[in-house]
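First up is the structure itself, then whatever we jot down about it.
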There are 2 protein chains.
Amino acid sequence: MKLAMIYSFLKQDLATIEKAVNETIQSDNPVLREASSQLLNAGGKRIRPVFVLLAGKFGNYQLDQMKAVAVSLELIHTASLVHDDVIDEAEMRRGEPTIKSKWDNRIAMYTGDYLFARSLENLTTINNTRAHQVLAETMVELCLGEIEQIKDKYNLEQNVRQYLRRIKRKTAILIAASCRMGAIAANVSEEEEKALYSYGYYVGMSYQIIDDILDFTASEKELGKPSGSDLIQGNITLPVLYSLEDSDLKSDLMSVFLKENKTPNDFEDVITKIKTNGSIERSFELSDRYLKKAYEALDQLPQNRAKQTLKGIAKYIGKRRA
Amino acid sequence: MKLAMIYSFLKQDLATIEKAVNETIQSDNPVLREASSQLLNAGGKRIRPVFVLLAGKFGNYQLDQMKAVAVSLELIHTASLVHDDVIDEAEMRRGEPTIKSKWDNRIAMYTGDYLFARSLENLTTINNTRAHQVLAETMVELCLGEIEQIKDKYNLEQNVRQYLRRIKRKTAILIAASCRMGAIAANVSEEEEKALYSYGYYVGMSYQIIDDILDFTASEKELGKPSGSDLIQGNITLPVLYSLEDSDLKSDLMSVFLKENKTPNDFEDVITKIKTNGSIERSFELSDRYLKKAYEALDQLPQNRAKQTLKGIAKYIGKRRA
């Protein structure tokens with residue numbers, strides 16, 4: 001089953017949001033217009049708007065309010081992806097900064113800034129200070145997460161707690177905030193808003209852990225990049241952290257990291273070990289613990305179609321294997 | 001006379017704002033803490049908070065409201081400087097190494113993002129949707145201005161109108177917004193708010209034109225960088241645009257731009273011509289026309305100490321020669 005099937009009853013409202021996202025980033029500036037259309041082609045699952053709408057179903061669901069919040073969150077997410085790309089591109093071209101790549105990076109940085117600004121401007125269409133607060137706090141956390149990720153790259157002395165804090169900031173908080181802002185915009189009761197936030201947070205943690213697992217276990221075709229790409233780029237994810245308990249593997253990985261002019265091939269042995277030493281299974285177990293908490297959070301909410309859908313999404317995320 | 005003497009009666013309130021700016025950017029993250037506070041401590045003129053406070057003096061001036069707005073504007077300004085440095089490949093800013101040169105572009109980009117986010121978070125401490133609107137719109141314009149500046153670099157086919165639109169977005173709108181947000185936060189009447197906005201806009205235009213002039217006329221010691229640095233980096237400012245009316249100079253400049261491995265020395269002849277062909281004087285004339293409009297905007301405001309101070313600042317800006 002495809003994910004979109006689970007929330008097919010939101011199809012019409014999601015189409016309205018999609019249209020609004022496109023309209024919001026229109027610009028007279030040709031460079032920006034081009035950069036924006038590239039983003040549109042990149043697609044995206046628009047999963048944050050889905051969480052907004054579902055959370056809103058527990059209160060006074062009004063499409064214009066839902067739309068304002070959903071569009072802003074989607075733009076923040078897109079902006080952070082754009083800035084992520086600046087980082088990744090800088091990595092790939094390290095040592096040979098061509099004029100062209102510099103140009104692209106500069107445009108990418110300001111395209112991200114522009115999307116941030118449009119996101120805020122869009123949110124001012126609804127008069128809701130709390131929504132602004134949540135969005136601003138979420139942006140602060142996102143930035144801290146990105147900086148931590150840069151700082152912790154190639155760092156083999158980090159622990160699981162650091163990893164969890166990082167994915168919380170990088171991924172889980174934005175999903176939790178989507179649930180919370182949907183709830184805020186629909187005047188959902190405080191207790192239910194908290195339950196929805198918890199659900200989003202736990203689902204987000206599980207989602208990112210599985211994403212990090214799949215980077216090892218999915219095929220190159222499924223991923224669109226070589227297996228183990230995160231590690232090759234220096235990102236220490238959960239399966240790696242569990243594997244580092246094996247001091248032989250740790251010293252092997254250290255040697256690869258320290259090697260000059262290393263290629264993806266140099267990682268092959270370490271990646272094979274990580275895939276077969278039980279770390280993947282342990283990582284799935286931790287993901288399952290988060291999913292269990294996500295279900296528990298839903299127990300505090302009344303029975304309705306939105307709740308069933310949130311359950312379905314959690315189940316889908318937990319079963320994701322590619 | 002020093003600029004700070006003109007608004008010395010604001011000294012205490014400015015100190016409160018300074019403290020709040022520093023508190024707002026505190027972070028548990030050591031890299032971020034050092035990066036942000038280094039930049040802020042390098043000590044800009046905090047001219048935007050000055051405009052906020054002076055505008056507020058025409059209404060119900062309450063320090064906590066003024067502070068929230070002033071801190072947010074100063075953080076937006078600082079964030080845009082950080083992102084500017086990524087673009088300019090600048091190694092020094094305000095006499096200190098830039099964040100980019102001390103860490104790297106990635107940290108610089110996220111430090112800017114972090115400051116943006118903190119700015120918004122800070123503004124949510126006051127419940128004022130219009131202030132949010134103005135800040136978001138200002139950010140959109142700032143980004144568009146930055147993108148235009150990148151796009152128009154090395155472009156000898158641009159005209160004065162494009163230049164004016166660019167400096168409007170890059171500089172004048174943020175100063176105008178400082179005046180407007182100070183007015184909004186103090187519930188100044190709509191008419192006076194408009195006058196203050198106009199004043200800020202015209203002063204901002206004049207300020208940037210003179211900044212662009214000084215890049216040619218001030219000494220290397222005064223500038224902290226070689227004379228003509230803007231042009232060497234490909235930025236086509238007003239004195240250059242006037243000079244391009246001379247087709248010989250235009251073709252000389254084109255040759256320099258097209259030269260491979262060009263050095264600052266290659267620009268020497270062109271820069272000398274720009275300094276002596278009357279373009280500087282014509283640029284000052286345009287700056288004076290903007291200043292005249294700034295004074296006219298003030299005519300619509302009641303006589304008080306704040307108005308005298310705004311006049312004094314305009315006069316100071318107009319006379320600035322280093």
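Being a predicted model, the structure only gives us computed values, none of them experimental. Quick note on labels: first sequence line is chain A, next is B, and so on, each numbered from 1. Side chains included, hydrogens not; waters and symmetry mates left out as well; all remaining heavy atoms used.
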Side-chain touch A:Arg118/B:Val140, heavy atoms, less than 4.5 angstrom: yes
Can you tell me how far [atom2] of [Y] sits from [atom1] of [X], rounded to the nearest 0.5 angstrom?
X        : Y        : atom1 : atom2 : value
B:Met139 : A:Phe116 : CE    : CZ    : 8.5 Å
B:Leu120 : A:Glu137 : CG    : CD    : 11.5 Å
B:Tyr110 : A:Lys151 : OH    : NZ    : 15.0 Å
A:His83  : B:His83  : NE2   : NE2   : 5.5 Å

Chain A neighbours within residues 172-182 of chain B, where any heavy atom lies under 4.5 Å away: none
Proximity of residues 126-135 of chain B to chain A, residues having a non-hydrogen atom under 4.5 angstrom: B:Asn127, B:Thr129, B:His132, B:Gln133
Heavy-atom neighbours of B:Lys19 NZ exceed 12 at 6.0 Å: no
